[in-house]
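Note that this is a predicted model, so its numbers are computed, not measured. Every chain is numbered from 1 and lettered A, B, ... according to where its sequence line falls, protein lines coming before strand lines.
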Number of protein chains: 2
Amino acid sequence: MTRKPATRHATITDVADAAGVSIKTVSRVFNDEPNVRPLTRDRVVKAALDLDYHPNVAARSLAGRRSFLIGLAYENPSPNYVVDLQTGALERLKGERYRLLVLPFADVGAASGKMQAIARASGLDGIVLAPPLCDDAATVAELEACGLPYARIAPTTDGSHAPDVAMDDRAATQAVIDHLVGLGHRRIGIVRGDPSHASATARLEGYRAGLKAHGLTADPVLEAQGAYTFASGYAAGKALLALADRPTAIFASNDDMAAGVLNAAYEAGVSVPGALSVVGFDDSNIASVVWPRLTTVHQPIREMAHDATGALLALIEHQEAPPHQTMPFQLVVRGSTGPARA
Amino acid sequence: MTRKPATRHATITDVADAAGVSIKTVSRVFNDEPNVRPLTRDRVVKAALDLDYHPNVAARSLAGRRSFLIGLAYENPSPNYVVDLQTGALERLKGERYRLLVLPFADVGAASGKMQAIARASGLDGIVLAPPLCDDAATVAELEACGLPYARIAPTTDGSHAPDVAMDDRAATQAVIDHLVGLGHRRIGIVRGDPSHASATARLEGYRAGLKAHGLTADPVLEAQGAYTFASGYAAGKALLALADRPTAIFASNDDMAAGVLNAAYEAGVSVPGALSVVGFDDSNIASVVWPRLTTVHQPIREMAHDATGALLALIEHQEAPPHQTMPFQLVVRGSTGPARA
DNA sequence: TTGTACGCGTTATCAT
DNA sequence: ATGATAACGCGTACAA
């Protein structure tokens, strides 16, 4: 077993010496700055290659006053959602000098008011806020106050000057109701999302508005409370199916809960979509993994995370953000919905 | 709209002045070094609080020659697995000064040979390697050569001096076979995992050894190839069920594929567990979300990630790693397995 | 127990 | 187009 030689890594000075230029010129080359002759550039590049030189991140951060680190803050119980989020952000960062720090929180309370401290402790250049943090007034106010650049993914509330990439949850949910009513359903239940997520409210509103648009009256009994988790969907589904006058269709405010409803239906011996139609929201991985496959609203989380990250970069580098962006939603009809029984 | 005041953050010098001490003393306080009178310490702490002082991460990294950044490298198609991995690592880091950089790779090839460059580009102090990267000879050799501290999660191969937290995949799979044979199954199929994952081989070996232990001969026809994804499991399940002399039980090398098999069974009108028993591996989120719930091997991924991260920290800070650790596995029997038909 | 002085490897300013 | 030199904010010998 050989001892690791304490090889000092090559520094910018080494490269400068080897290339016969000053360190400033090397710096220019590595920062794609103008005013360096192609020939000089080549010499520097070659010297760097020879010496296996890599700029020191810490030194760059210290001198440049920026870390090239951005955070992705979220509080979401669904692994599928989380991975989509990360993937989108990471994809945008590919090829950039920025790196991503993931910042999961157990609940909004754990993040609220501490965001600035976390950002400084980690030396972040900016933060991408995913639901429900992006809708937390305290968090937004804090970030706004301390001037840290941030962007929001799928916010449902206003009151922020930060760039964001949103989707119209309310309209999407209305489209769900249209679909179900079109299949002949009249008694439609809902499993509400975690009330601390603003999206839960938007979807509930869309549900009610959808019913109203078709001349149906919302029945409080059919509005079961969930928490965006599989277990909560299962429990809510069980309750809904135990109703004397039970619904022929259930809209779950996300896919994980819809999967729970599906399970409750199996247990109750209610066939889907024969005796019960089920709709989810998100079109996350799980929607295509359960049986029958879920009819759901496709929410382009990856793209949203991607674009929000891009907006944040623009904000950091040019102090200006692209305009507010709204993504189109799309109802994906699969096997879990069918005509209402005559 | 108020303009953000260009407030220079307080530095260690400001705190030193305010507390009437030297910067070295402040440094001592913030690094929990001995030899500072309680009274002095209090003065420093108070001054820091007043000035809202937070140590500058970049300066610390530069002067201290370490970034307090560790990477978590993986290549895994299952969101559930990935989130468990991250959660475990993050839990261990809670309260420490270290931060986590996630490093997902599209495939081992994308990581192989580039790990060192990535580490230097991001200024990592160390890396946690998850499957299948932890079993990639090139990656391990590279890390070994450049002397970057690393730890491995659930490795299936040897040839590394790094600490690791493993599980006996082979024995676990044998236990699966024991369970199935105990239920009267004789014709047992397998959906193999992605061959680039060493775990796929270990599980295949366990499968074969399990059969042999019960005097059963392995039938190549029953060894379908999968890739650890839902879709691959679905395809493999379909193929297995289309066999003239089809299996009465199928062991899928991970839960995602087991869910795929379940879907294939539904489509083929084969009832589970009535006409077909299905077993997964991992006990990831999806195992409890499909119907029927999957009998599977519980792999404590979070704990493994947690402990491997801890081992890495020990390696970084004390140049010595805790001994190799093996986690116990556990067969979780749920609804997807039942007695073989007479 | 406390302080001084230097170095870490860059970026940035201002010459040239 | 290029270079000299001063920050950047902190850790660390070494001294007191």
>> Below the 4.0 Å mark, does D/dT2 have OP1 or OP2 next to a side-chain nitrogen or oxygen of A/Ser22?
In response: no
>> Does the protein touch nucleotides 6-16 of chain C at the base, only the backbone, or not at all? Give it as B, S and - per nucleotide, heavy atoms under 4.0 Å.
In response: -BBBBBBB---
> Can you tell me how far P of D/dC14 sits from CG of B/Asn35, to the nearest Å?
Replying inline: 17 Å
> Run the side-chain contact (heavy atoms from CB on, under 4.5 Å) check on A/His324 and A/Asp158 step by step: do they pass?
Replying inline: CA-CA 11 Å; A/His324 167 94; A/Asp158 290 337; over 6 Å; no
>> Do B/Met327 and B/Asp307 make a side-chain contact, defined as non-hydrogen atoms from C-beta onward lying under 4.5 Å apart?
In response: yes
> Run the side-chain contact (heavy atoms from CB on, under 4.5 Å) check on B/Tyr150 and B/Val140 step by step: do they pass?
Replying inline: CA-CA 9 Å; B/Tyr150 71 99; B/Val140 167; 3.3 Å; yes
> Side chains of A/Thr309 and A/Tyr98: is there a donor and an acceptor less than 3.5 Å apart?
Replying inline: no
>> Over all strands shown, is A/Val21 touching base, sugar-phosphate only, or nothing at heavy-atom distances under 4.0 angstrom?
In response: sugar-phosphate
>> Could you check whether A/Tyr81 and A/Gln299, counting side-chain N and O atoms only, form a donor-acceptor pair closer than 3.5 Å?
In response: no
